[in-house]
Amino acid sequence: MKVVITDYEYKSLTTEQDVLKTVGIELITAQCKTEEEVIEACSDADGILNQYAPITRRVIENLKNCKVIARYGVGVNTIDVDAATEKGIIVSNVTDYCIDEVSDHAFALLMSAARKVVALNNSVKKGTWDFNIGVPIFRLRGRVLGLVGFGQIPQALAKKAQGFGIEVVAFDPFVREEIASQLNVQLVTLEELCKNADFISVHAPLNEQTQGLLSDAEFSLMKTETFIINTARGPVIDEKSLIRALQSGTIAGAALDVLEEEPIPIDNPLLKMENVILNPHVAWYSEEAQEELKRKTAQNVADVLSGFFPKYFVNSSLKQVLHLKEQ
């Protein structure tokens, strides 16, 4: 059997090779960027590991033998899941490898924005020793953090923020009230969240419903003291609307680990804004998280090609039509 990695940024693939070797699977590597390159590399693959390369409907229609597409990460926005489901191809991800890392990073960005850490650091390094560079800074205790999405990562973030005396509210139409209540978090509408939150942290997956979820209308509701944090997917925030809100002073600032276009273009206005913190899509990363992600992604493929349903299963409706074993 043949498994292809469409693209990767890792220095080593030893973990994946070790996992797949145990079930006699050959691993082929590629660095695809386009549909054509993916089709050429994967047309006869039994399984695919995918990072950023596009797995579109056209790609899927050209897969002759594929039984599983496993994505490195939580989000599956690089894969046309509907097309894969129609063809009986399992789509898997890894939903639990970086809960601490992303929630820690989101809170680090919140703290850096609230305490003006980056702006003050830059000021000192330029020769200015003046705390007024950071004015105004407000006390964290008693402020409100609004979570857009309330899955495992924002639930972990809520606990961390509450330890600093921050009140937490969340918008997520798919979460039950009792789950939020157990964590002392109030579920609110998106409009209420935008009006009342001092910090807004985005944790929604990227799909047709969430693309541009935060746009001009939402920014117009926010306080001028509000900071927005994004460690999810860039396009959940309409970037042009965000830039307008920052330039006009509608909101106080932003701390972004993800952007609409990555890497960020050199002419993006966000690069020149003192009230914006930018990171290179790194919130997921720790040495431990990276190793766990690589192992679990490869295991998803190994499970399916060994006749088992994977532990992490996006299009689980296929359980009714595929004759695989439960683990």
Side-chain angles (χ1 to χ4, degrees), residues 2-23 25-35 37-38 41-42 45-56 59-60 63 66-81 83-84 89-103 105 151-153 203-207 231-236 257-259 262-263 279-305 309-316:
K2 175 183 174 182
V3 171
V4 175
I5 299 182
T6 60
D7 59 310
Y8 60 96
E9 294 179 320
Y10 310 119
K11 293 180 180 178
S12 168
L13 297 172
T14 302
T15 299
E16 293 89 332
Q17 290 166 339
D18 287 346
V19 170
L20 295 171
K21 194 185 300 180
T22 61
V23 290
I25 296 173
E26 178 189 7
L27 183 63
I28 307 296
T29 63
Q31 289 290 14
C32 305
K33 295 186 182 302
T34 65
E35 288 180 319
E37 290 173 342
V38 177
C42 301
D46 298 284
I48 294 173
L49 277 69
N50 169 252
Q51 190 166 27
Y52 301 122
I55 311 292
T56 62
V59 168
I60 289 167
L63 300 177
C66 190
K67 300 171 183 66
V68 56
I69 303 169
R71 177 145 203 286
Y72 288 109
V74 180
V76 290
N77 50 290
T78 60
I79 303 166
D80 189 323
V81 177
I89 299 173
I90 287 174
V91 177
S92 67
N93 60 351
V94 183
T95 59
D96 57 1
Y97 78 99
C98 61
I99 294 170
D100 273 328
E101 284 77 8
V102 178
S103 57
H105 203 89
Q152 295 181 86
I153 290 169
H203 300 277
L206 178 60
N207 53 45
T231 54
R233 287 292 183 271
V236 175
D257 184 54
V258 290
L259 295 145
E262 298 175 5
N279 280 183
H281 201 148
V282 70
W284 63 274
Y285 171 73
S286 71
E287 286 293 308
E288 296 86 349
Q290 179 170 272
E291 181 67 16
E292 183 180 357
L293 172 63
K294 287 156 61 67
R295 175 173 49 80
K296 288 182 173 179
T297 304
Q299 191 62 53
N300 283 335
V301 170
D303 286 345
V304 174
L305 296 185
F309 286 113
K311 179 178 179 181
Y312 306 91
F313 197 173
V314 176
N315 51 349
S316 55

A.B. asks: Within the 4.5 Å heavy-atom criterion, are Ile60 and Ile55 side-chain neighbours or not?
C.D. replies: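 Yes, at least one pair of side-chain atoms sits under 4.5 Å.
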A.B. asks: Which heavy atom of Val68 sits nearest a heavy atom of Asn300, and at what distance?
C.D. replies: CG2-O, 4.4 Å
A.B. asks: What I want to find out is whether Glu37 reaches Lys33 closely enough, with some N-O distance under 4.0 Å, to be called a salt bridge.
C.D. replies: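 A salt bridge is absent here (no side-chain N lies under 4.0 Å from a carboxylate O).
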A.B. asks: Donor-acceptor pair, distance only, cut-off 3.5 Å: does the side chain of Asp96 make one with the backbone of Ile99?
C.D. replies: no
A.B. asks: Does a side-chain heavy-atom distance below 4.5 Å link Tyr285 with Gln290?
C.D. replies: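 Touching, per the 4.5 Å side-chain cut-off.
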A.B. asks: Between atom NZ of Lys311 and atom CG of Asp303, what is the distance when rounded to the nearest 0.5 Å?
C.D. replies: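 Lys311 atom NZ to Asp303 atom CG measures 10.5 Å (nearest 0.5 Å).
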A.B. asks: Rounded to the nearest 0.5 Å, how far does SG of Cys98 lie from CD of Glu288?
C.D. replies: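 Interatomic distance, Glu288 CD to Cys98 SG, rounded to 0.5 Å: 12.5 Å.
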A.B. asks: Compute whether any side-chain donor of one residue and acceptor of the other, for Tyr312 and Lys296, lie under 3.5 angstrom apart.
C.D. replies: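 Note: Tyr312 and Lys296 side chains meet the donor-acceptor criterion.
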A.B. asks: Could you measure the distance from the CG atom of Leu293 to the OG1 atom of Thr297? Nearest 0.5 Å is fine.
C.D. replies: 4.0 Å
A.B. asks: Quick check: closest heavy atoms across Gln51 and Glu9, and the distance to 0.1 Å?
C.D. replies: OE1-N, 2.9 Å
A.B. asks: Scan Ile79, Val4, Val38 and name whichever one has a side chain to side chain contact (heavy atoms under 4.5 Å, CB included) with Asn50.
C.D. replies: Ile79
A.B. asks: Without swapping roles, check the side chain of Glu35 against the backbone of Thr56 for a donor-acceptor pair under 3.5 Å.
C.D. replies: no
A.B. asks: Rounded to the nearest 0.5 Å, how far does OG1 of Thr6 lie from CD1 of Ile28?
C.D. replies: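 Ile28 atom CD1 to Thr6 atom OG1 measures 13.5 Å (nearest 0.5 Å).
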A.B. asks: Can you name the closest pair of heavy atoms from Val74 and Val94 and give their distance?
C.D. replies: CG2-O, 3.3 Å
A.B. asks: Which residues satisfy the side-chain contact (heavy atoms from CB on, under 4.5 Å) test with Glu16, sequence neighbours excluded?
C.D. replies: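 For Glu16 the side-chain contact (heavy atoms from CB on, under 4.5 Å) partners, ignoring immediate neighbours, are Tyr10, Leu13, Leu27, Leu49, Tyr72, Lys294, Ala298.
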A.B. asks: If you measure only the distance, is there a donor-acceptor pair under 3.5 Å linking the side chains of Asp257 and Thr231?
C.D. replies: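 No, Thr231 and Asp257 have no side-chain donor paired with an acceptor closer than 3.5 Å.
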A.B. asks: Between Asn315 (side chain only) and Ile89 (backbone N and O only), is there a donor and an acceptor less than 3.5 Å apart?
C.D. replies: yes
A.B. asks: Could I get the full list of salt bridge (Lys or Arg N to Asp or Glu O under 4.0 Å) partners for Asp7, not counting sequence neighbours?
C.D. replies: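 Partners of Asp7 by the salt bridge (Lys or Arg N to Asp or Glu O under 4.0 Å) criterion come out as none, since no residue qualifies.
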A.B. asks: Looking only at heavy atoms, what is the nearest atom pair of Cys42 and Leu63, with distance?
C.D. replies: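 The answer is O-CD2, 3.3 Å.
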A.B. asks: Which pair of non-hydrogen atoms, one from Ala232 and one from Val258, has the smallest distance, and what is that distance?
C.D. replies: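 Taking Ala232 first and Val258 second, the nearest heavy atoms are O-CG1, 3.6 Å.
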A.B. asks: What distance do Gln17 atom CD and Glu26 atom CD have between them, rounded to the nearest 0.5 Å?
C.D. replies: 11.0 Å
A.B. asks: Can you check whether Leu305 reaches Val23 side chain to side chain, under 4.5 Å on heavy atoms?
C.D. replies: no
A.B. asks: Is the backbone of Gly75 close enough, under 3.5 Å, to the side chain of Arg71 for a donor and an acceptor to pair up by distance?
C.D. replies: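 Side chain of Arg71 to backbone of Gly75, a donor-acceptor pair under 3.5 Å: yes, one is there.
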A.B. asks: Hey, what do you get for NZ (Lys2) to CD1 (Ile48), rounding to the nearest 0.5 Å?
C.D. replies: 10.0 Å
A.B. asks: Of all heavy-atom pairs between Ile25 and Ala302, which one has the smallest distance, and what is that distance?
C.D. replies: CD1-CA, 4.3 Å
A.B. asks: Test Ile90 against every option in Val304, Val301, Ile69 by the side chain to side chain contact (heavy atoms under 4.5 Å, CB included) rule and name the one that passes.
C.D. replies: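 Considering Val304, Val301, Ile69, a side chain to side chain contact (heavy atoms under 4.5 Å, CB included) with Ile90 is found only for Val304.
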